[in-house]
**Student:** 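The structure's right below; bear with me while I get my questions together.
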Amino acid sequence: MAAASIIAASETSYTRHPSPSETTHRVLARAVRDAITQSGLDHRQIDGFGVCSFTLEPDHAIDLAWRMGLKVRWLMQDTNGGASAGNLLQHAVHAIEAGAASAIVLVAGDRMDAAAFEKLVTRYNRATEEHLSPLPLTGPNALFAMLTTRQMEERGLEPADYGRIAVAQRSWAGLNPGAVYRQPLSLEEYFAAPMVADPLRRYDCVPSVTGANAVVVVADDRATGMPRARVLGVTSSFNRDDQGGNGLVTGVAESADAAWQSTGVAPSDIDVLSVYDDYPAMVVAQLNDLGVVHASDTSRFIRERVATRDYALNTSGGQLSAGQAGSAGGMHGLVEVVRQLRREAGDRQAAKARIGAVTGYGMVLYRYGSCGNVTVLEAAA
Amino acid sequence: MPDASGSSVPRPGLVTTPLTQAYWQAASEGRLLLQRCLDCGQAQHYPRSLCAKCWSRQVESFDGSGRGRIVTFTDITMPGHPAWLEEAPYTIAIIELEEGPRLLARVDPPTAVTVGDLVRLANPDRDGIHRFEVIREG
Ligand SMILES: [Zn+2]
C-alpha cells in the first residue's frame with residue numbers, strides 16, 4: 001500500500017550559457033514555484049522542503065526556505081549529486097509515512113557556468129582534490145573512459161553500441177521541447193566527433209547546463225482523483241565495494257533486488273524507464289543491474305529495443321541530449337517518468353505508461369560512482 | 001594571472017592534509033608510500049587513519065616497490081580542466097601494484113600503453129606528482 005504520491009513535476013528551461021543575472025537561488029525557486037503551482041496547492045500548504053545543489057554554498061536548505069517564505073516542519077539537504085533525487089524522495093516518503101510532513105517539495109539544480117564547473121571538477125571531494133586533479137585527472141570523463149573500455153571487454157560490446165544509445169536519446173530529445181540538443185544525430189556524426197578520452201567521444205559526455213527540477217510529494221490519501229505517480233518503493237545503496245571493484249556493477253544492483261522484492265514489481269513490468277545517463281556505459285551498466293536485460297544480451301537489446309525507441313528509455317533525451325543541470329541530473333529522470341505516468345509527455349508520450357522506474361547514480365569517490373538507487377512508480381488517478 | 005608554467009589558466013595545485021603530507025613529500029622524492037595494517041596485513045592506498053578492511057588503527061607507512069601492471073588506461077585528448085590542455089595528449093591508467101592496491105596515475109610514454117604492461121615508478125613530474133613508466137622487454 002503506497003503512502004505517498006508525486007502530484008507535480010517541474011523542470012525550468014535548461015540553458016548552456018546562463019545569463020549574468022541568473023543565480024542558483026533564482027533557478028531553484030523557479031522550479032519550486034512551478035511545481036507547487038502545478039500541484040494546485042498553495043505554498044502555505046507545503047510543510048516539508050528538501051534540496052540538493054552543488055552551488056548553493058555558503059547557503060543551505062534553511063536559507064533557501066527563508067528566501068522563498070516556506071515555513072515547514074521537515075527540512076532536508078542532500079549532497080549526493082546524481083543519487084540525490086532518489087535519496088531525497090526516500091526520506092520524504094518516510095517523513096510522510098511517519099506523519100512528520102504531509103506535503104513536501106523537493107528541488108535540485110545549479111547555475112553551472114564555466115567557473116562553477118571547473119571548481120566542481122577539481123574540488124569535487126578530498127580524493128579528487130588531493131589524488132586526482134594533480135595527476136592531472138580532472139572531471140569524470142577519463143574515469144568513465146576506462147570503465148567503458150572494461151565494459152566492452154567484459155560484455156562483448158563495441159563502440160557502435162554506445163553510439164546507438166547516444167543517437168537514440170537524441171531522437172527522443174527531438175520530441176522534447178525542453179532538451180538543449182534536439183537536432184538529429186547520426187551514428188556517422190557520433191563517430192566523427194572529437195575524441196575526449198579514448199574511447200569516449202564528444203557525444204558520450206553530457207552537456208553541462210543551468211537549470212532545476214522539482215517535485216511535490218503528498219500523502220496518497222490527499223491525492224485521490226488527481227493524476228499522480230504513486231511511489232511504490234525507493235531503495236538505495238551506498239559505497240557497495242569501497243571503490244575496490246571494477247565499477248561495472250553499481251549500487252543500482254542491490255537497490256533493484258530490494259525494489260523488486262518489496263514492491264512485487266518485476267523488471268519486465270516497467271513501461272517507462274529513466275536510467276542515470278552520465279555516460280552511455282552507465283546506461284548499459286544499470287540496464288544490466290536492474291535486470292531489464294541480461295549482460296550477455298545487451299548488444300541485441302540496444303540494437304532492437306533502444307535504437308528503435310521501441311523501449312521507452314530516457315524519453316526526455318536524457319542528460320546526454322537534454323542536458324545535465326548539475327545536481328538536478330538525478331531529478332531530471334524522475335520528472336520525466338512522472339510526466340509519462342501523468343500522460344503529460346506530449347509527442348514522446350509512451351502508449352502504455354502504468355509502471356515507471358527511475359535510477360539514481362553518482363558521487364565518484366575515487367574511480368566510479370558510489371551511490372545508487374531505484375524508484376518504482378505507478379500511475380494512478 | 002599566468003602561473004609558473006606560463007599557462008594563462010592556473011593549474012589546480014597540490015592540496016595536502018595532515019594525513020597526506022608525508023605521502024606527497026615522498027612522492028616529490030620519487031617514492032610511493034603505502035600503508036600496511038599491523039593486525040590483518042592488508043596493504044592500502046591512499047593514506048587513511050584506519051585499516052579500511054578490519055578497522056584497526058595500527059597502520060604503518062612503508063615504501064612501496066613502485067612496480068605494477070596496467071589494468072586499464074585512457075589517452076586523454078580533451079582534459080577536464082583547461083590548465084591541462086598543454087599537456088594533452090597524455091595517458092592515465094589504473095595500475096595494480098605488486099602489493100595489491102590499485103591506484104590512478106599518469107604513465108609515460110604518452111599514448112603508447114597497452115593493458116598488461118609492466119610499469120615502474122619514474123621521476124616525479126614537475127609538480128612532484130607520481131609518474132610511472134612502461135618497462136620495455138629486453
Ligand atoms: Zn586491517
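Proteins come first, then strands; the chains are lettered A, B, ... in the order of their sequence lines, and each starts at number 1. Computed from a predicted model, the values in this text were never measured in an experiment.
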**Student:** Return yes if some donor-acceptor pair links the side-chain N/O of B:Thr72 with the main-chain N/O of A:Arg150 below 3.5 Å, else return no.
**Tutor:**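 Flag not set: sc B:Thr72 to bb A:Arg150 has no pair under 3.5 Å.
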**Student:** How about B:Met78 and A:Cys205: do any of their side-chain heavy atoms sit closer than 4.5 Å?
**Tutor:**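 SC-SC contact between B:Met78 and A:Cys205 ruled out.
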**Student:** Counting heavy-atom pairs under 4.5 Å to chain B, which of A:Asp198, A:Leu132, A:Leu200 comes out on top?
**Tutor:**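 It is A:Asp198.
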**Student:** How long is the straight-line distance from CG of A:Leu135 back to NE2 of B:His130, given to the nearest 0.5 Å?
**Tutor:**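 One gets 10.0 Å once the value is rounded to the nearest 0.5 Å.
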**Student:** Go through B:Ile94, B:Val115, B:Val71 and name the one with the most non-hydrogen pairs under 4.5 angstrom from chain A.
**Tutor:**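 Heavy-atom pair counts peak at B:Ile94.
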**Student:** Supply the atom-to-atom distance B:Ile92 CD1 to A:Met146 CE, rounded to the nearest 0.5 angstrom.
**Tutor:**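 Here the interatomic distance stands at 7.0 Å.
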**Student:** Does atom CZ of B:Arg69 have more than 12 heavy-atom neighbours from other groups under 6.0 Å away?
**Tutor:**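 It does: B:Arg69 CZ has more than 12 such atoms within range.
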**Student:** With rounding to the nearest 0.5 Å, note down the distance linking NE2 in B:His81 to CD in A:Glu118.
**Tutor:**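 One gets 4.0 Å once the value is rounded to the nearest 0.5 Å.
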**Student:** Any chance you could measure B:Arg102, atom CZ, to A:Gln243, atom CD, to the nearest 0.5 Å?
**Tutor:**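 Answer for the CZ-CD pair, B:Arg102 versus A:Gln243, is 12.5 Å.
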**Student:** Would you indicate whether the side-chain heavy atoms of A:Pro134 and B:Leu14 approach each other to under 4.5 Å?
**Tutor:**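 In short, these two side chains touch, coming nearer than 4.5 Å.
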**Student:** Between the main-chain N or O of B:Leu104 and the side-chain N or O of A:Tyr366, is there a donor-acceptor pair closer than 3.5 Å?
**Tutor:**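 Confirmed, A:Tyr366 side chain pairs with B:Leu104 backbone.
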**Student:** Please determine whether the number of non-hydrogen atoms from other residues, nucleotides or ligands lying under 6.0 Å from atom CZ of A:Phe117 exceeds 12.
**Tutor:**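 Atom CZ in A:Phe117 is not crowded, with 12 or fewer foreign heavy atoms closer than 6.0 Å.
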**Student:** Please classify the contact of B:Pro124 with chain A as side chain, backbone, both or neither, using a heavy-atom distance under 4.5 Å.
**Tutor:**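 The answer is neither part of B:Pro124.
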**Student:** Tell me, side chain or backbone of A:Val121 under 4.5 Å from chain B's heavy atoms, or both, or neither?
**Tutor:**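 Side chain only.
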**Student:** Could you measure the distance from the OH atom of B:Tyr23 to the CD atom of A:Glu130? Nearest 0.5 Å is fine.
**Tutor:**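 That separation rounds to 9.5 Å.
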**Student:** Sequence neighbours left out, what pairs pass salt bridge (charged side-chain N to carboxylate O under 4.0 Å, His left out) with at least one residue falling in residues 27-49 of chain B?
**Tutor:**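 Output for this query lists B:Glu29-B:Arg31, B:Arg31-B:Asp63, B:Arg36-B:Glu60.
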**Student:** Can you check whether anything in residues 137-145 of chain A gets within less than 4.5 Å of chain B, heavy-atom wise, and list it by number?
**Tutor:**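 Under the 4.5 Å heavy-atom cut-off, A:Leu137, A:Thr138, A:Ala142, A:Leu143, A:Ala145 qualify.
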**Student:** Would you mind checking which part of A:Arg126 comes under 4.5 Å of any heavy atom in chain B, side chain (CB onward), backbone (N, CA, C, O), both or neither?
**Tutor:**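 A:Arg126 touches chain B through side-chain heavy atoms alone.
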**Student:** Side chain, backbone, both or neither: which part of A:Ser133 has an atom under 4.5 Å from a heavy atom of chain B?
**Tutor:**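 It is both, since atoms from each part get that close.
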**Student:** Measure distances from B:Thr111 to the heavy atoms of chain A and classify the residue's part below 4.5 Å as side chain, backbone, both or neither.
**Tutor:**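 For B:Thr111, there is no contact with chain A at all, as no heavy atom is under 4.5 Å.
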**Student:** Under 4.5 Å from any heavy atom of chain A, what part of B:Ala88 do you find: side chain, backbone, both or neither?
**Tutor:**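 For B:Ala88, there is no contact with chain A at all, as no heavy atom is under 4.5 Å.
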**Student:** Heavy-atom distance under 4.5 Å to chain A: side chain of B:Thr77, backbone, both or neither?
**Tutor:**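 Contact with chain A is through both the backbone and side chain of B:Thr77.
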**Student:** Within this structure, what is the NE2-NE2 distance for the pair A:His131 and B:His45, rounded to the nearest 0.5 Å?
**Tutor:**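 Between atom NE2 of A:His131 and atom NE2 of B:His45 there are 6.0 Å.
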